[in-house]
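Naming: A, B, ... by sequence-line order, numbering from 1 per chain. Predicted model only: the values in this text are computed from it and were never measured.
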There are 2 protein chains.
Amino acid sequence: MTIGKLGQAAGVKVPTIRYYEQIGLLPEAERSGGNQRLYSRKALDRLTFVRHARELGFTLDAIRDLLSLSDHPDQPCAAADAIAKAQLAEIEKRLARLASLKVELKRMVAQCAGGSIADCRVIEVLGDHSHCSTDHSHREGEGAS
Amino acid sequence: MTIGKLGQAAGVKVPTIRYYEQIGLLPEAERSGGNQRLYSRKALDRLTFVRHARELGFTLDAIRDLLSLSDHPDQPCAAADAIAKAQLAEIEKRLARLASLKVELKRMVAQCAGGSIADCRVIEVLGDHSHCSTDHSHREGEGAS
DNA sequence: TCTTGAAGCTACAGCAGCTAGAGACATTAA
DNA sequence: TTAATGTCTCTAGCTGCTGTAGCTTCAAGA
């Protein structure tokens with residue numbers, strides 16, 4: 001299949017596929033007589049994997065690791081496991097943050113109920129530290145509590 | 001206060017503050033005799049607002065809008081409200097996606113319980129379309145190259 | 001068979017949102 | 001006074017794409 005079909009099938013844009021090849025995330029594709037890239041089902045699987053991993057929030061580097069692991073399947077999977085666990089922790093952090101931020105945004109919307117900006121708290125809510133869930137303790141050297 | 005103190009107080013790195021000034025997100029700071037930036041409490045509030053808004057997932061453009069609204073507080077706050085609502089919707093989408101992806105990652109970790117990569121499903125889980133929430137239709141059975 | 005229009009090619013520029021480095025000047029504590 | 005630290009400007013780099021220009025190839029219709 002050509003690059004356009006591959007992109008449609010995997011849900012990835014064509015320039016992105018070429019970019020992935022360029023940075024070595026995908027192997028160099030075979031070419032047709034007219035120099036066009038040709039892909040196999042296997043390539044589709046790999047690209048689909050990449051897309052899903054990106055959606056999971058893996059960096060391209062982590063994905064590269066994962067792919068190289070899958071290319072050598074006779075190793076213990078501790079490494080893949082470690083990568084996945086790290087990502088899981090990362091995602092749980094993000095989830096918690098997003099959840100609390102959603103509460104703040106809802107408050108913002110609720111407090112901005114038709115008045116003028118002078119009356120509404122949108123700006124203050126975001127300037128206020130009291131709803132600050134993340135622990136940015138304002139001084140680098142200081143340990144987190 | 002100088003830029004370093006401001007950065008510490010707001011939880012924002014010094015080059016980032018200068019960057020924000022450069023792109024017009026923060027007003028140009030007053031300077032000391034020695035040409036160093038000096039900030040007021042008001043500037044700290046503004047920067048804190050920016051940091052929180054960034055954490056909420058607002059783009060710098062959205063933040064710019066919000067700030068310009070807050071600079072003209074005699075307007076109705078419908079615009080701020082609209083921005084906040086749009087962000088809220090965006091955040092709820094992200095939350096939903098992250099939540100379902102967390103489930104997948106947990107499955108990945110669970111299925112990779114000490115075997116070798118050949119036995120574990122980390123790779124397959126991410127290549128599998130059956131948990132695919134997004135609607136990228138793709139046809140099966142298109143010939144491999 | 002010819003033609004046309006979509007899809008492909010390479011190469012490069014640009015985007016957001018920072019971050020890091022070089023080399024010079026300012027401030028501050030001892 | 002001197003040394004350390006902080007700040008200055010400027011420039012370049014980073015990730016992960018996305019878009020453009022100017023060309024070639026391919027598939028389908030007349």
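Taking a cutoff of 4.0 Å between a charged side-chain nitrogen and a carboxylate oxygen, Lys42(A) and Asp45(A) do not qualify as a salt bridge.
Shown for residues 14-35 of chain B: residues whose heavy atoms fall under 4.0 angstrom of DNA chain D, namely Arg18(B), Arg31(B), Asn35(B).
If you measure from atom CZ of Arg64(B) to atom C1' of dG17(C), you get 12 Å, rounded to the nearest angstrom. The distance from atom CZ of Arg54(B) to atom P of dA16(C) is 12 Å, rounded to the nearest whole Å. dA7(C) atom C1' lies 13 Å from atom CZ of Arg37(A), rounded to whole Å.
In this view, Ala43(B) and Tyr39(B), Ser40(B) satisfy the side-chain contact (heavy atoms from CB on, under 4.5 Å) rule, not counting sequence neighbours. Not a single salt bridge (charged side-chain N to carboxylate O under 4.0 Å, His left out) links Arg54(A) to another residue, sequence neighbours left out.
Scanning all heavy atoms of the two residues, the minimum distance from Met1(B) to Ala9(B) falls at CE-CB, 4.4 Å. The two residues Ile17(B) and Val12(B) have their closest heavy-atom pair at CG1-CG1, 3.8 Å. In terms of heavy-atom proximity, Leu44(A) sits nearest to Leu6(A) at CA-CD1, 3.6 Å. Between Pro27(B) and Arg46(B), the closest heavy-atom pair is CD-NE, 3.7 Å.
The outermost nucleotides of DNA chain D lying under 4.0 Å from heavy atoms of chain A, listed 5' to 3', are dG16(D) to dC26(D).
Considering CD1 of Ile63(B) and CG of Leu26(B), their distance stands at 10.0 Å, rounded to 0.5 Å. Between Leu25(A) atom CG and Thr16(A) atom OG1 the span is 11.5 Å, to the nearest 0.5 Å.
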What string of B, S and - do you get for nucleotides 1-6 of chain C 5' to 3' if you count protein non-hydrogen atoms under 4.0 Å? ------
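Pairs passing the side-chain hydrogen bond (donor to acceptor under 3.5 Å, both in side chains) check and including a residue from residues 25-37 of chain B, sequence neighbours excluded, read Glu21(B)-Arg37(B), Arg31(B)-Asn35(B).
Annotation: of the two residues near DNA chain D, Gly4(B) and Lys13(A), the 5′-most nearest-nucleotide partner is Gly4(B).
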